[in-house]
Visitor: 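This structure is in structure tokens; I'll ask about it shortly.
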Amino acid sequence: MGKKVLIVGGVAGGASTAARLRRIDEDAEIIIFERGEYISFANCGLPYYIGDKITDREMLLVQTPEKMKDMFNIEVRIKNEITKIKREEKRVVIKDLRNDRVYEESYDVLVLSPGAEPVKPNIKGINNKNIFTLRNMYDVDAIKHYITNTSPKRAVVVGAGYIGLEMAENLHYLGLNVSIIEKLDQVLNTIDYDMAALVHEHILSKKVHLYLGDGLKELNHNGEETEIQLESGRKVRADVVIMAIGVKPDVGFVSDSGIQLGNRGGIKVDSYLKTSDPNIYAVGDAIEVEDFISKHETIIPLAGPANKQGRIAANNIVGKKEKYKGIQGTAIAKIFDMTVAGTGNSERILKNRGIKHLSTITQSKSHAGYYPGALPMTIKLLYSLEGDIYGAQIVGFEGVDKRIDVIAASIKFDKKVFDLTELELAYAPPYSSAKDPVNMAGYVAGNVLEGNMDVSYWHEIEDVDPDKTIILDVREPFEKEFGFIENSINIPLGQIRERYNELPFDKEIIVNCQIGLRAYIASKILKQKGFKSVKVLTGGFKHYNTIVQSKYNLDRQDFEHEKRNYADLNKQEIYNSETGELNPEYTKK
């Protein structure tokens with residue numbers, strides 16, 4: 001008789017552990033306990049079912065208890081909740097939710113895969129019938145039923161992570177007027193502000209309202225309508241509200257078992273995914289694992305890592321001794337027709353952890369520019385002073401997925417930015433360029449590391465001291481008609497060799513063009529002409545201007561919000577006719 005293995009929770013981690021274990025041990029007795037009714041479902045597909053992109057609900061159900069029994073001879077007990085772990089006795093206490101009874105089960109090995117639960121703030125009005133979270137099939141059915149039966153016109157999504165933005169997109173496609181509320185000053189906290197600004201612009205272009213840097217204070221309900229009061233005092237009205245603030249490890253039943261939890265509240269495991277109890281493993285969204293880059297403990301709830309952890313845990317249960325080598329946090333999301341992806345550490349994380357690093361921005365096309373349909377792509381590459389790749393973020397429309405995967409693989413196999421230049425990647429005009437965007441990111445980073453180019457960043461421009469620094473724009477004069485950096489000097493690249501004497505040799509020069517290439521060429525010319533301090537604005541004017549424009553548009557939408565609030569006053573003096581700003585004598589009602 002093989003080992004008796006009990007698995008708490010299905011979905012990605014638990015189900016993959018069970019399936020792998022059966023494939024390598026036909027004699028093991030395997031029982032999965034699932035508190036809900038569904039053993040394994042496509043969690044990441046739930047927003048698209050709400051938005052009618054996925055129309056067949058059954059397609060979301062990856063596995064059923066019947067299939068697990070027929071295919072793997074695994075017993076699945078749905079509607080059975082583990083309430084207590086008796087480690088000394090190697091037993092668990094289970095509540096049968098269908099039959100309202102409590103019983104116990106022994107084990108040789110216990111695998112914990114309880115997942116995570118949505119964060120729901122304790123504020124006034126949070127439990128109303130039109131307030132939802134989205135984490136499982138019950139949630140998606142409830143949201144679907146409510147929308148179908150009440151036909152809401154206005155939706156508010158609280159939280160601008162991947163799920164929140166995917167929900168906003170799908171509610172928008174259903175024809176609802178959508179607003180997003182986010183406590184941070186940006187969407188997607190897994191990427192950096194400058195890259196998030198590209199996403200802000202795209203979301204605003206879809207007429208979706210963004211309330212950034214503002215949190216919930218209370219929810220007030222009047223029939224089918226909810227008035228959401230924000231910490232800033234602003235108010236937003238909605239017919240349906242989706243709470244997507246985030247998730248936390250669902251470890252309530254573990255807390256009194258003596259199993260060690262980590263600093264972040266997740267189950268602490270070693271590199272073999274074993275808990276502090278040698279007979280208990282843990283996988284999935286509820287565990288703390290090592291960050292592949294920084295080596296700090298982290299919790300990153302993603303389906304891919306959970307599946308891999310399940311497989312490794314099963315191998316270790318039968319004695320194979322396989323290590324889980326850490327998590328990179330590689331993720332991707334479709335946000336309307338834009339794609340956002342990231343891998344490794346963001347600049348914010350690197351700064352918070354005191355890790356010295358460099359970053360560069362490259363602007364490329366999704367494929368050869370001369371082939372129709374090439375679309376822009378922005379890559380941010382983060383790396384050490386020795387060239388180790390710490391992370392990457394990509395925002396674009398086509399080909400983002402394959403580029404982030406190439407960089408993620410390079411990180412996993414300990415490659416440096418110089419190796420990116422040597423990658424021989426598939427090229428044909430409809431798919432890429434002879435120098436792929438990944439190659440280009442490597443070339444630019446390599447130039448910085450080898451001392452061929454010094455860079456300046458978008459956030460440094462507003463602090464430039466004109467007595468010490470010159471901003472040189474090397475674009476053609478007509479390009480300035482579409483925008484330029486204030487107080488910059490325009491000398492087109494083609495005239496630099498004849499006009500370089502117009503520039504002071506004793507000042508720092510920051511060179512910018514549209515995306516960076518001409519600025520780099522100009523910097524090489526100036527350095528060879530004797531200029532000592534020349535920097536290139538990484539990402540070019542395009543990247544800088546998108547960030548500035550995003551801030552302006554966010555402020556403008558707030559102005560429009562105020563304008564609507566004042567509309568009922570019906571007085572011409574409310575707004576200054578020249579500046580368009582609110583006159584100070586009017587205060588908010």
Side-chain angles (χ1 to χ4, degrees), residues 3-25 28 30-36 38-44 62-63 68 72 74 76 81-82 85 87 92 107-117 135-136 247-255 257 259-262 264-292 297-331:
K3 292 180 179 179
K4 183 177 181 180
V5 181
L6 305 186
I7 300 175
V8 183
V11 195
S16 62
T17 303
R20 173 63 177 172
L21 185 58
R22 174 57 74 223
R23 289 195 295 271
I24 55 180
D25 188 350
I30 306 171
I31 307 173
I32 300 177
F33 296 88
E34 173 56 51
R35 179 174 55 192
Y38 303 97
I39 179 61
S40 185
F41 57 90
N43 189 292
C44 298
V62 179
Q63 274 291 3
M68 291 293 279
F72 298 108
I74 292 171
V76 178
E81 180 180 8
I82 305 295
I85 302 170
R87 293 192 302 113
V92 293
Y107 63 84
D108 295 313
V109 176
L110 180 63
V111 180
L112 305 178
S113 181
E117 58 183 344
R135 189 64 181 168
N136 55 39
V247 296
K248 60 181 180 180
D250 188 2
V251 295
F253 72 101
V254 178
S255 58
S257 66
I259 294 172
Q260 187 176 355
L261 300 181
R264 296 175 174 270
I267 301 170
K268 189 174 181 60
V269 296
D270 64 13
S271 58
Y272 298 99
L273 301 173
K274 191 176 289 187
T275 70
S276 56
D277 186 311
N279 299 304
I280 302 177
Y281 292 79
V283 299
D285 295 355
I287 70 171
E288 294 191 13
V289 293
E290 185 179 85
D291 184 304
F292 188 79
E297 294 304 306
T298 188
I299 299 175
I300 302 180
L302 293 171
N307 275 285
K308 293 176 180 67
Q309 291 159 11
R311 181 183 178 91
I312 291 170
N315 288 345
N316 289 327
I317 288 170
V318 299
K320 287 185 176 288
K321 290 292 183 183
E322 181 179 352
K323 286 186 176 183
Y324 182 67
K325 299 178 182 178
I327 192 167
Q328 288 176 231
T330 305

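Numbering starts at 1 and runs along the sequence shown.
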Visitor: For the residue pair Q309 and V269, establish whether any side-chain heavy-atom pair is separated by less than 4.5 Å.
Guide: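 Not touching, per the 4.5 Å side-chain cut-off.
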Visitor: Rounded at 0.5 Å granularity, tell me how far CD1 in I7 sits from CD in E34.
Guide: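 Here the rounded value is 11.5 Å.
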Visitor: Is the NZ or CZ atom of K321 both under 6.0 Å from the centre of the six-membered ring of Y272 and within 45° of that ring's axis?
Guide: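 Output yes; distance and angle both within limits.
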Visitor: Any chance you could measure Q328, atom CD, to D291, atom CG, to the nearest 0.5 Å?
Guide: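 Between Q328 CD and D291 CG, I get 9.0 Å after rounding to 0.5 Å.
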Visitor: Run the salt bridge (charged side-chain N to carboxylate O under 4.0 Å, His left out) check on R135 and D250 step by step: do they pass?
Guide: CA-CA 12 Å; R135 189 64 181 168; D250 188 2; over 6 Å; no
Visitor: Hey, what do you get for OH (Y324) to CD1 (I287), rounding to the nearest 0.5 Å?
Guide: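 Answer rounded to 0.5 Å: 7.0 Å.
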Visitor: For a 4.5 angstrom cut-off between non-hydrogen side-chain atoms, does R311 reach R23?
Guide: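 With C-beta onward as the side chain, the pair touches.
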Visitor: Between I317 and K3, what is the shortest heavy-atom contact and its length?
Guide: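 Here I317 and K3 meet closest at O-NZ, 2.8 Å.
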Visitor: Could you measure the distance from the CG atom of L273 to the NZ atom of K308? Nearest 0.5 Å is fine.
Guide: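 Separation between the atoms: 13.0 Å.
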Visitor: Show your working on side chain to side chain contact (heavy atoms under 4.5 Å, CB included) between I312 and Y281 and close with a plain yes or no.
Guide: CA-CA 10 Å; I312 291 170; Y281 292 79; over 6 Å; no
Visitor: How close do I259 and S276 get, heavy atom to heavy atom, and via which atoms?
Guide: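 Answer, listing the atom of I259 first, then S276: CA-OG, 3.6 Å.
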Visitor: Tell me the closest heavy-atom pair linking A286 and P114, and the distance in Å.
Guide: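 In this case the closest contact between A286 and P114 is CB-CG, 3.7 Å.
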Visitor: Do L112 and F253 make a side-chain contact, defined as non-hydrogen atoms from C-beta onward lying under 4.5 Å apart?
Guide: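 They are in side-chain contact.
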Visitor: Just one of V92, I31, V5 clears the side chain to side chain contact (heavy atoms under 4.5 Å, CB included) bar with Y107, so which one?
Guide: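 Considering V92, I31, V5, a side chain to side chain contact (heavy atoms under 4.5 Å, CB included) with Y107 is found only for V92.
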Visitor: For the atom pair OG1 (T298) and CD (E290), what is the distance rounded to the nearest 0.5 Å?
Guide: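 Taking OG1 in T298 and CD in E290, the distance rounds to 11.0 Å.
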Visitor: If we check side chain to side chain contact (heavy atoms under 4.5 Å, CB included) with V8, which of these qualifies: V111, I85, L110?
Guide: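 So the option named by the test is L110.
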Visitor: Indicate the atoms forming the closest heavy-atom contact of V283 with A313, along with that distance.
Guide: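 The answer is CG1-CB, 3.8 Å.
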Visitor: Would you name the heavy atoms of A306 and A12 that are closest together and state the gap between them?
Guide: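 Reported closest heavy-atom pair: CB-CB, 3.9 Å.
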Visitor: Any heavy-atom pair between the side chains of P249 and I299 that's under 4.5 Å?
Guide: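 SC-SC contact between I299 and P249 confirmed.
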Visitor: Could you check whether any side-chain N or O of E288 sits under 3.5 Å from a backbone N or O of R264, counting only pairs where one atom can act as donor and the other as acceptor?
Guide: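 Side chain of E288 to backbone of R264: a pair is present.
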Visitor: Can you tell me how far apart CG (L302) and CG (D285) are? Round to the nearest 0.5 Å.
Guide: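 One gets 7.5 Å once the value is rounded to the nearest 0.5 Å.
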Visitor: Tell me whether R20 contacts the main-chain N or O of G310 through its side chain, where contact means a donor paired with an acceptor under 3.5 Å.
Guide: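 No; judged by distance alone, with no hydrogens or angles, the pair does not exist.
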Visitor: Give the C-alpha distance, both sets of side-chain angles, the deciding distance and a yes or no for side chain to side chain contact (heavy atoms under 4.5 Å, CB included) between Q260 and T275.
Guide: CA-CA 7 Å; Q260 187 176 355; T275 70; over 6 Å; no
Visitor: So which atom in G326 and which in F292 form the shortest heavy-atom distance, rounded to 0.1 Å?
Guide: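 Residues G326 and F292, closest heavy atoms: C-CB, 4.2 Å.
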Visitor: Any side-chain heavy-atom pair from R22 and I74 closer than 4.5 angstrom?
Guide: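 Counting from C-beta outward, R22 and I74 do come under 4.5 Å.
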Visitor: Could you tell me whether R35 atom CZ has more than 12 heavy atoms of other residues or ligands within 6.0 Å of it?
Guide: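 No, CZ of R35 has 12 or fewer neighbouring heavy atoms, counting only those of other groups under 6.0 Å.
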Visitor: Would you check, one step at a time, whether the test side chain to side chain contact (heavy atoms under 4.5 Å, CB included) holds for L261 with I267?
Guide: CA-CA 4 Å; L261 300 181; I267 301 170; 4.1 Å; yes
Visitor: Please determine whether the number of non-hydrogen atoms from other residues, nucleotides or ligands lying under 6.0 Å from atom NZ of K248 exceeds 12.
Guide: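 Atom NZ in K248 is not packed in, count stays at 12 or less.
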